Amino acid sequence: MSSELTPVDEVAWQKKWSDASIFEAVITEGKPSFYCLEMYPYPSGKMHMGHVRNYSIGDAVARFKRLMGFDVLYPMGFDSFGMPAENAAIAEGGHPHDITERNMASITEQIKRMGFSYDWGRLLKSHDPNYYKWNQWFFTKFMEHGLARREHAPVNWCSACNTVLANEQVKAGRCWRCNGPVEQKEMNQWFLDTPAYCQELLDGLDTIDFPENVKSLQRDWLGRSEGANIQFGLEGRDETIEVFTTRPDTLFGVTFVTLAPEHPLAETIVKGTDREAEWKDLYDEVSIMTEFDRIKNMKKKKGMFSGCYAIHPLTNERVPIWIGNFVIASYGTGAVMAVPAHDERDFEFASQYDIPIRRVLVMEEGAQHDGELKKAETDDGWMVNSPIDGFDGRYGQEARNAVCEALEAAGCGHRLVNWKLRPWLISRQRYWGTPIPVIYCEDCGTVPVPDEDLPVVLPRDVVFSGEGNPLETSASFLHVACPTCGKDARRETDTMDTFIDSSWYFLRYTDPGNDTQAFAKAIADHWMQVDFYCGGIEHAQMHLIYARFMTKALRDMGLTTIDEPFNELLCQGMVNKAAPFCSDCGVTLTVDHAIGSPCPHCSKELGSRSAKMSKSTGNTVSPEDMIERYGADTVRLFILFAANPTAGMDWSDTALEANHRVVLQLQGIPDYMNEWNGGEGPMDAWLEARFEQRRLEFIAAMDEYDLRRAVEVSHFEIIKDINWYTRRGGLNGEMANKMLPVWAQMVSTSTPHLAEEWWEGMASTEGFVSSSLMPLPIESTTTALVNLAGEQYIRDFLEQARKIKGVAERHLGQPASEATIVVSPSWKRTLAQAALNFVIEGGHPKQFMPLLKEMPIAQGDRMGEIMGFWGKKMLPQVFKWDDASREIICSTLDEEAVLAAASDFIATELNLKTVLIVEGESESDTTGRAGSAMPLSPAVVYV
RNA sequence: GCAGGGGUGGCUGAGUUGGUCAAAGGCGCCGGGCUUAAGAUCCGGUCCCGUAUGGGUUCGUGGGUUCGUAUCCCACCCCCUGCACCA
């Protein structure tokens, strides 16, 4: 293999692909289609390793599916609305539009340099009016269908971002984007009715191939709980208090009712009493405090008696009404029935405020049911102490049903499924997003912008001061004639959450040029669902819920027939790199601190630990630099080979270099193989069979998206096979013609430029490997299998023989010069075959003994010896042989013949003068070592 | 607290329908061939012991089931992710 290699001109290949438009997605009659998609990126100026990894995975899949004969849709675009560009405009001047376009241009160039096989003709950008027009159109349709509505409601407000946030965008009380505190504010905002699809979103999870943790995340977020709403009357008042509970079976244990401080009734019943001030304090504490502080203070339960009593719906008992800080206004009804005996929080609260605790369940059937409870017993139990007949003794679900029936009969309660998911708050008080297409008219009220006036385009004449919503500074935008009556009216200045953009972009990709519809139904239905969707786990409960919701909503408006947008989701792992780490302090430091230097906190010597690549740690690697130095192929190969797609991977410069060497080595392979001039030989059939086997392994791995394994086969194992071939004397230049086309196809999924170079140099190929089809696999013949088995046998034998040789030479005190290989005596083989057949047919090995006694080999005076051999040696071995070995043993493979044919080779490999092969216990066996020879495992005697 | 995912040799990482497992592959390290040399590449070694094909101890910890367990069961510890006074 030559060392005088010119690097592959990757850019030239990229240009050729582009000129020939080979990655354009087309629909071919009769061909299956495959939609391969990566989460489209926000166009920051630079591509980082996370992008590289994401797209290297997707591209390998797309290329593989093309090889396998699919019409592949593999698009790229930009999630180009969003706050970073607007914040940059505020900080540095300029306009978000220009900043975004500039960033897009530079990141696009970098992505193209990687050689990914996108259909760039479908490039989509969210901030294109031709795209966001459809956001607006959908919005007006949602209004028509009652799925979009404006409400005055408490919402999450991030003052750092100067906008409201959806529930999904609040992480542990903080803003998902800036990590600033989030507070509650009452505002008029637009919501989409995501809860209408709760049940379907939950059920749909069972029909799609998402990772378990993502499903679990989504289930948590949907938060289904089954229970009942129950009405409590109020003593001396007309109102009722409605509570939600999952435990109607504990209804008779209610000793008080608790309202959230924000509950409207709380204010009503304390108004004008001497308790009003106390309530106000509590109200202020929970509502004005940021959610973050509230969570921190959660541990302290606090409450007050309201002075009022509720009436128990079934017993008519008086129950005190309390107001407590632990009741959440926005969940359920904002009021709970308190059963201290069977709920931990109620127990704690009741103990604190000396409220009676009444047991109404026992945890063991027929158990004692008086006596004091030490703690709440929250499991299902048997009802006791019921003041009404017919309930005691009922258990769990049956008990709940009985209580619900009683409530329903009394007309003061009903069964209900409650969800945690709230409507999607989509209003944002920011400029760089889709304007909400609504006009407010004094006479006509809230008027949607008519279809013919769409899109409502973002105006240029706005001021980015960092204060307030910039859209409000545009007079031309703000003032508009009412579409209904023509009078002066005012436009909505809020824009849409940018997650709207990413909720349907995969549909637009199917028909990106359509200017009369968002997408043609037939085309979208042809390509959808996305077969393979690859991206980061961070979108598990935002984007991936919204997109599923949107797909279902659009389906119900008749725009598609798709239930779920994504079939298989793959969340790629993070790209990490070693960073300084103090094991005592448990702190990861920036790369400014050298490994081995003392920790700045405790002075202990710093070690290193793998950490996510981040600007703050400084452990980033620039893809650009790496491509420049090693080429895109090497970077891609390394990324795919370093770890499985879903696993975290560690960046390693040395491993990268090792992969670069593999790329160089592969580059020289065609020349190397073509130089073989030995003509046909006995090893050719083996190499052919072996290669075919490798191809099947490759296909199987790719089918399961086990890209690491696939690359291991295509870029590593086949090289080893070639080495073995030449080592065993193979030197047929014809093999190059036989193997290289298919091998190039395998190589092309991860290192396409290199593969094109191979392809171009071959006589039998034309066009591009990137647009070629892989021939169908060939079924292996029996001869091929025996061939493979024979070589495997020799390899295994050599490995074993080498080990023994070391020990033997120590024993001999000098290098061994000769070896006698003692193949297992034929009766052992016969025995093994009989035992294996017995086992394969389902027999228990231990029951083989009686059969053995009947066998001809066990007759005569050797019977005892053979029985002993079976128990001690053969029985354990029968279990240990793998399927391949079993096949070989039961096959016609003649160990002695295989070894004899390879005896010269063996002698060379073991560095011996002569090698003698004998059958154990035969006349020529003078070694006396036949005892330790087993089928597939000959004994070796060194002299 | 609840839920989901994990803990394998110097590192990384396969392997989990129990037997093919002292445990693939890669990296690192060691030795050898090739070479004037370097690089590249090829071959071999890389838990411990062992004058012959073997033995010992290993897959978070401790128990258990089994002829046999990295793999199955139970308990515990630790790590990651998400949710969290959700009634």
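Chain A is the first sequence line, chain B the second, and so forth, proteins listed ahead of strands; every chain is numbered from 1. Only this structure's heavy atoms are used, side chains among them; waters, hydrogens and symmetry mates stay out. On a predicted model such as this, the values are computed, not experimentally measured, just so you know.
Here A/R219 pairs with A/D206, A/E212 under the salt bridge (Lys or Arg N to Asp or Glu O under 4.0 Å) rule; sequence neighbours left out. Looking at residues two or more places apart in sequence or on another chain, you find no ring-ring contact (aromatic ring centres under 6.0 Å, His included) involving A/W221. With sequence neighbours left out, A/Y630 forms a ring-ring contact (aromatic ring centres under 6.0 Å, His included) with A/H660. With sequence neighbours left out, A/F905 forms a ring-ring contact (aromatic ring centres under 6.0 Å, His included) with A/W724. Taking the side-chain contact (heavy atoms from CB on, under 4.5 Å) definition, one finds that A/A939 meets it with A/V822, A/R929, A/S932, A/A933, sequence neighbours left out. For the side-chain contact (heavy atoms from CB on, under 4.5 Å) test, residues two or more places apart in sequence or in another chain that qualify with A/T726 are A/Y672, A/W676. Take A/H543 and apply the side chain to side chain donor-acceptor pair (under 3.5 Å) test, not counting sequence neighbours, and it matches A/Y533. In terms of the ring-ring contact (aromatic ring centres under 6.0 Å, His included) criterion, residue partners of A/F641 (sequence neighbours excluded) are, by chain and number, A/F716.
Contact check on A/R709 versus A/E717 returns a salt bridge, with a Lys/Arg side-chain nitrogen under 4.0 Å from an Asp/Glu carboxylate oxygen. A/R694 and A/D721 are joined by a salt bridge, as a carboxylate oxygen and a charged side-chain nitrogen come within less than 4.0 angstrom of each other.
Of the C1' atoms belonging to B/G5 and B/G19, the separation is 29 Å, rounded to the nearest Å. The separation of B/G13 from B/C48, taken at their P atoms, amounts to 23 Å, rounded to a whole angstrom. Between B/U81 and B/A75, the distance separating the two P atoms is 26 Å to the nearest Å. For the P atoms, the distance linking B/G15 with B/G7 amounts to 11 Å, nearest Å. Remark: the separation of the P atoms in B/A38 and B/G33 is 12 Å, to the nearest Å. Straight-line distance between the C1' atoms of B/U57 and B/G9: roughly 13 Å, to the nearest whole Å. Annotation: B/U46 and B/A37 have their P atoms spaced 28 Å apart (nearest Å). Here the separation of B/A14 from B/C49, taken at their P atoms, is 31 Å to the nearest Å.
Distance, A/F349 CZ to B/A87 P: 18 Å, rounded to whole Å. Put simply, CH2 on A/W322 is 17 Å from C1' on B/C85, counting in whole angstrom units. Distance NZ (A/K301) to P (B/A87): 14 Å, rounded to an integer number of Å. The nearest whole Å value for the distance from the CD atom in A/E262 to the P atom in B/C86 is 16 Å. Between the P atom of B/C42 and the OH atom of A/Y672 lies a distance of 9 Å, rounded to the nearest Å. Remark: P of B/G4 and CG of A/L205 are 14 Å apart, rounded to the nearest angstrom. Spacing between atom CG of A/N325 and atom P of B/C86 amounts to 13 Å, rounded to whole angstrom units. The CH2-P distance, from A/W724 to B/U41, rounds to 21 Å in whole Å.
Using a 4.0 Å heavy-atom distance criterion, A/P938 is classed as a base contact. Within the nucleic acid shown, A/V243 has no heavy atom closer than 4.0 Å to any nucleic acid atom.
A donor-acceptor contact shorter than 3.5 Å links the side chain of A/Y942 to the backbone of A/A801.
Between A/S937 and A/S216, it is A/S216 whose nearest contact on RNA chain B lies nearer the 5' terminus. Both A/R727 and A/G223 lie near RNA chain B, and the one whose nearest nucleotide falls closer to the 5' end is A/R727.
Closest to the A/N213 side chain, of the nucleotides B/G4, B/A52, B/A87, is B/G4. For A/F326, counting side-chain heavy atoms from C-beta on, the closest listed nucleotide (B/C85, B/G4, B/A87) is B/C85. Closest to the side chain of A/Q665, out of B/A52, B/G4, B/U41, is B/U41.
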Side-chain donor-acceptor pairs of residues 330-337 of chain A under 3.5 Å, sequence neighbours excluded:
unit_1	atom_1	unit_2	atom_2	d
A/Y331	OH	A/S225	OG	3.0
A/T333	OG1	A/E242	O	2.6
A/T333	OG1	A/A335	N	3.4
A/T333	OG1	A/A335	O	3.2

With 3.5 Å as the limit, what N/O pairs link the protein to nucleotides 23-28 of chain B?
unit_1	atom_1	unit_2	atom_2	d
B/A24	N1	A/R708	NH2	3.2
B/G25	O4'	A/E712	OE2	2.8
B/G25	O3'	A/K720	NZ	3.2
B/G25	O2'	A/E712	OE2	2.4
B/G26	OP1	A/K720	NZ	3.3

Any protein N or O atoms within reach of nucleotides 80-83 of chain B? Criterion: under 3.5 Å, listing atom names and distances.
unit_1	atom_1	unit_2	atom_2	d
B/G82	O3'	A/Q541	NE2	3.3
B/C83	O2'	A/K420	NZ	3.1

Quiz item: Dot-bracket for RNA chain B: what is it, with Watson-Crick or G-U pairs under 3.5 Å, [ ] where a pair crosses earlier ones, and | for a pair to another strand?
Solution: ((((((((.[[[..)...(.....]]]((((((.......))))))(((....)))...[[[[[..)....]]]]])))))))....
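The aromatic ring centroids of A/F256 and A/Y353 lie 6.0 Å or more from each other.
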